[in-house]
Asks: 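Here it is: the structure, laid out below.
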Amino acid sequence: MTEQKPVTKATATKVPTLPDAQTVTSVEHYTDRLFSFRVTRPQSLRFRSGEFVMIGLMGDNGRPLLRAYSIASPSWDEELEFYSIKVPDGPLTSRLQHIKPGDQVVLRPKPVGTLVHDALLPGKRIWFFATGTGFAPFASLLRDPQTYEDYDEVIITHTCREVGELTYGARLIEDIRNDELLQELIGAENLKKLRYYPTTTREESPKMGRITDLMRSGEVFEDLGVAPLSPETDRAMVCGNLAFNLEIKELLESYGLEEGANSDPKHYVVEKAFLD
Ligand code: A2P
């Protein structure tokens, strides 16, 4: 038993009272379906950009209700950021969407996942393919200097139903391009490698259509002025809904890319965007 330290008023809200508890520091809502939040980071937590952890809230039965969440913040950030859907009847997100700064969430500090640089062989160009909240792991990877050190070109595609659902990603790209700290950390020259390709499927926007259809028609390659993916030059990470993941996997295989893993690095890796 260690002696309890007296808690001063200024730090009282930062002191976890539950096992594995972290304190919410900010919350932002984008649409009636999407929000992001930041929490304090356990001092001992180390993770690789692209990994996920289990987070949640205490249930009425005194047991935590946990779900897998990709860490959206980069590994050098002193806080942790998450990007979440709000499922109206979802056991966790119907409650989680109401969290406020000062509230506590449960966070198991055991990061895992396949969307990591270690699972890919060296290449020239990396593609990040996201739908909906599948953008989250890429929000981390896009702020990781290694992403730009390892590749000559970094392309992020994000397909959502409506324009408002692109906001989190669009703002992040803006931040990366304009933030002084990121410029310093990643290097202004390196940041020029970043290309952003947002599309919508159910609301008018400058580029409409599912990314899979735009790949099949060749439109995305024409728009970006790059050749279709090839195992010699291209690497890919995929995170979206299940149907999307299956469809894009088939497409990537048709270009000759093979699926890799931490223990067996190859040309692409896939993770499901986690839902309630
Ligand atoms: P669509 O509107 O045509 O269904 P969700 O919010 O349901 O997770 O979907 C996020 C985005 O992923 C939507 O724009 C949706 O397009 C798109 N999507 C869904 N299934 C697929 C698929 N099999 N291939 C490509 N995109 C998909």
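All values derive from a computational prediction rather than experimental measurement. Every number for a ligand or one of its atoms is a count from 1 in the order of the listing.
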Asks: Please list, in number order, the atoms of ligand 1 under 4.0 Å from a heavy atom of Ala243.
Replies: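 What qualifies from ligand 1 is 23 (N).
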
Asks: Would you kindly specify which portion of Glu203 sits under 4.0 Å from ligand 1, judged on non-hydrogen atoms: side chain, backbone, both or neither?
Replies: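 For Glu203, there is no contact with ligand 1 at all, from either part.
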
Asks: Ignoring hydrogens, just give me the one of Leu214, Asn241, Asn245 whose non-hydrogen atom is nearest atom 9 (O) of ligand 1.
Replies: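 Among Leu214, Asn241, Asn245, the closest heavy atom to atom 9 (O) of ligand 1 belongs to Asn241.
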
Asks: Determine whether any heavy atom of Glu165 lies closer than 4.0 Å to an atom of ligand 1.
Replies: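 Contact check Glu165 vs ligand 1: negative.
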
Asks: Tell me which one of Glu247, Met215, Glu250, Arg210 gets a heavy atom nearest to atom 3 (O) of ligand 1.
Replies: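 Result: the heavy atom closest to atom 3 (O) of ligand 1 is in Arg210.
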
Asks: Say whether His158 and Thr131, considering side chains only, have a donor N or O and an acceptor N or O under 3.5 Å apart.
Replies: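 There is no such pair (donor and acceptor under 3.5 Å, judged by atom type) between the side chains of His158 and Thr131.
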
Asks: With a heavy-atom distance limit of 4.0 Å, tell me whether Thr159 approaches ligand 1 through its side chain, its backbone, both, or neither.
Replies: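 Under 4.0 Å from ligand 1, Thr159 contributes backbone and side-chain atoms.
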
Asks: Side-chain heavy atoms nearer than 4.5 Å, only ILVMFWY residues, links allowed to pass through others: does that put Leu92 and Ile55 together?
Replies: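 Same hydrophobic cluster.
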
Asks: Is a side-chain N or O of Glu51 found less than 3.5 angstrom from the main chain of Phe47, in a donor-acceptor match?
Replies: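 Not at all, since once roles are kept as given, no pair shorter than 3.5 Å links the two residues.
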
Asks: Any chance you could lay out the side chain to side chain donor-acceptor pair (under 3.5 Å) test for Thr40 and Gln22, step after step, and finish with the verdict?
Replies: CA-CA 6 Å; Thr40 50; Gln22 296 302 320; 2.7 Å; yes

Asks: Excluding sequence neighbours, so at least two apart, what forms ring pair (Phe, Tyr, Trp, His ring centres under 6.0 Å) with Phe35?
Replies: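 Per chain and number, Phe35 pairs via ring pair (Phe, Tyr, Trp, His ring centres under 6.0 Å) with His29, Phe37.
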
Asks: Under 6.0 Å between the ring centres of Tyr83 and Tyr168?
Replies: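 Aromatic pair counts; centres sit under 6.0 Å.
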
Asks: Any atoms of ligand 1 less than 4.0 Å from a non-hydrogen atom of Arg202? List them with their elements.
Replies: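 It comes down to these atoms of ligand 1: 1 (P), 2 (O), 4 (O).
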
Asks: Any nitrogen or oxygen of Cys160, side chain or backbone, less than 3.5 Å from one on ligand 1?
Replies: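 Yes: some nitrogen or oxygen of Cys160 is under 3.5 Å from one in ligand 1.
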
